[in-house]
2 protein chains.
Amino acid sequence: MIRKKPATLSDIAATIGVAPMTVSRVVNGTGYVSELTRERVMQAVAEMNYRPNGVARNLKRQKTETVGLVLGDISNPYSTEIANAVRESLSARGFNLFICISEHSAKEDIAAFDSLVDHNVDGIIVATRSNKEGDERLAGIADRNIPVVVVGRDFHHDQVDSIAADNFAGGFEATQHLIDLGHKRIAFIGASFINRGNLKRLQGYLAALTEHNLAVDERLITGRRETLSEIPGYSTEKIGYEGMKRLLSLPNRPTAVFARNDFTAVGAMTAIKEAGLSIPDDIAVVGFDDTPLAVHTLPPLTTVRQPMRLQGQLAAELLLKRIAEKDTVTTENRVLECELIVRQSTVA
Amino acid sequence: MIRKKPATLSDIAATIGVAPMTVSRVVNGTGYVSELTRERVMQAVAEMNYRPNGVARNLKRQKTETVGLVLGDISNPYSTEIANAVRESLSARGFNLFICISEHSAKEDIAAFDSLVDHNVDGIIVATRSNKEGDERLAGIADRNIPVVVVGRDFHHDQVDSIAADNFAGGFEATQHLIDLGHKRIAFIGASFINRGNLKRLQGYLAALTEHNLAVDERLITGRRETLSEIPGYSTEKIGYEGMKRLLSLPNRPTAVFARNDFTAVGAMTAIKEAGLSIPDDIAVVGFDDTPLAVHTLPPLTTVRQPMRLQGQLAAELLLKRIAEKDTVTTENRVLECELIVRQSTVA
DNA sequence: AGAACTAATGTTAACGTTAACTTAATAGCA
DNA sequence: TGCTATTAAGTTAACGTTAACATTAGTTCT
């Protein structure tokens, strides 16, 4: 079977003997068209299986009603929830969403940015972990006045709004909770050795220890050599498991652990239970994110809830605002509060 | 700050006094351009922060080097793995990937299809659960000779390739494994009451029971009223938990359960452990998918591995083939084998 | 009756790029 | 010297759509 080209406006116009513009008017429901003509056009459109060529339309209209979302690890509920919230907010306003994945590298970040820009999306939401080259390209895009909003990551540019959870405060609160329960040897699981400063949850943990005059014991901080952005979400369960194993083999093991996210926490819990120890009596566990599975672990997991959907909603709103008001002057940097959810993994 | 329009080819051409075509040649590295001119163009491009307008380019070239992927539930590792595999295969061939989510309805399926078609993607991979209106639209798209490949779902069209795991055989094998272990009362968790015929895993379960002359007990088949496509992946953990609770409260409870996926299985395991029962001694559990977490559950989960990455790779390959050979005659329908992975949740 | 609308359509040009063609100058070679 | 290649540009038209303007006929108002 030979592939025939899709019908165009002109094809429709030619077959029923009107000007392309008339067909355009019918298709878009604009301007004056007589009832008779409208019907004839509609019929031809149906018969010839016509669909407007969006590329041509976009070129002419200079907008696409489409927004791009660049995600790092899509295995993580964090990304998922943000994506869903963004999509909901956008589709309520008639915008489409294209998601690009950039799982591994600055190169892929750049490829994702470029392909979105090349398709003339009206704006871009970025929720990847930051890296130097990627950020440079992103700055270039923002410089060209393409609306950009970043979520859950560092990025400073006078044309770019940012939204993030207060990971520092969340980490602080989680650790403080463990300290309040009387714990003195509190471990951290899931540190990044490459870019530790970027991991606000770890910083919050360190700050809480310091504030309460507890010594920081480096042996109690576990993680991996790789940048964390290289590790898919559910695999961090493995990191939690391995990290906990290492902690359990210490001569003086911790009495509590704060895991960088719920997956890591679940992995740690598995290791603790395997060792025949009890949660929270022998070791208390705190996670982060309050993913849906946190309620279903055994025991249910104490965790820090970050407003994931809200971040997505806000990102979409700010971006749409930026798209609508082409000369926005103000730049918003929102930091959203986290909330400690106490369950039985810390308090029996 | 006023938003200035991005520079165009003509802008560059005008500032250095050459024809737009010359600039195009430099940008694309085609045709003859003198070294001097090339350098002057390159410099202007850099200074004016120029990027080619992909929409215009696509319109002219009549191709976008972009493929669309429509996913249902992106919370599910199944979707995630497929997306990653597709992206890898595509980017190796210089194609970009745009992902659309259609989480809830035929309406969203259609919106996703349309927005991809409107952006003139070169082809579409569909991995959503099928539904009537969505399938009709998809057929219309295939009729217009836009390359389409479907993954893990039913869809028959003489221009559409399909790839799926052999869910029936997988469900059969999982159930058979339990029967071989001597179980007689085997439950199924996660049935769909709306479209039961579509759930091949359940059909495989039923067939295995029948083949071994075991009566099908409807009380042992649990699920929810909603269509399963309405439920995000990690939430199926809750379904597993609730379903198992119900099964445990039966006067004559099952000695084994086959869960429709690993998340559901994990939820069921939680309920079993909460009830103070042992896995596999009191109740054996089998999952499906072999998600990364299956190794980390307590005890590790027996499950049916389906080749997720392979499905994504094949989908990408078949689509690229269809894109390259515009008049492909053959249609491929591949069914990939599943593999039972036996762990300690069925055999101590 | 002429001005001032409304309704229905057509015409032109442009969005930014590039394929296909043309022009012109230089180089190579029998 | 004349003839063919090669190099380095420029010109034209088109991809499919639509904004802006133009035209025509009929309607309404004063």
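Note on naming: letters A, B, ... go to the chains in the order of the sequence lines (proteins, then strands), and numbering restarts at 1 for each one.
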Exercise. Counting distance only, does the side-chain N/O of B:Thr15 pair as donor-acceptor with the main-chain N or O of B:Asp11 below 3.5 Å?
Worked result: yes

Exercise. Quick one: does B:Arg153's side chain have a donor or acceptor within less than 3.5 Å of a partner on B:Thr128's backbone?
Worked result: yes

For this session: Kindly calculate the angle separating the two end axes of the helix from C:dA1-D:dT30 to C:dA30-D:dT1, each obtained from five base pairs, and round it to 10 degrees.
Result: 50°

Hey, can you pull the donor-acceptor pairs under 3.5 Å for the side chains in residues 43-52 of chain B, sequence neighbours left out?
{"residue": "B:Gln43", "atom": "NE2", "partner": "B:Glu47", "partner atom": "OE2", "Å": "3.1"}
{"residue": "B:Arg51", "atom": "NH1", "partner": "A:Asp118", "partner atom": "OD1", "Å": "3.0"}

Donor on one side chain, acceptor on other, [X] and [Y], under 3.5 Å:
X	Y	answer
B:Thr64	B:Asn120	no
B:Asn333	B:Ser162	yes
A:His119	B:Asn96	no

Problem set entry | Rounded distance in Å - NZ (A:Lys63) to P (C:dA14) | 21 Å

Problem set entry | Length of the OH-C1' vector between A:Tyr32 and D:dA22, whole Å | 16 Å

For this session: Summarise how protein sits on nucleotides 15-24 of chain C as a single string, 5' to 3': B when a protein heavy atom is under 4.0 Å from the base, S for sugar-phosphate-only contact, - for no contact.
Result: BBBBBB----

Problem set entry | Charged N-O contact under 4.0 Å between B:Glu133 and B:Lys107 | no

Problem set entry | Within 6.0 Å of CZ in B:Arg93, more than 12 heavy atoms from elsewhere | no

For this session: Examine C:dT9: is either OP1 or OP2 under 4.0 Å from a nitrogen or oxygen in the side chain of A:Ser34? Give yes or no.
Result: yes

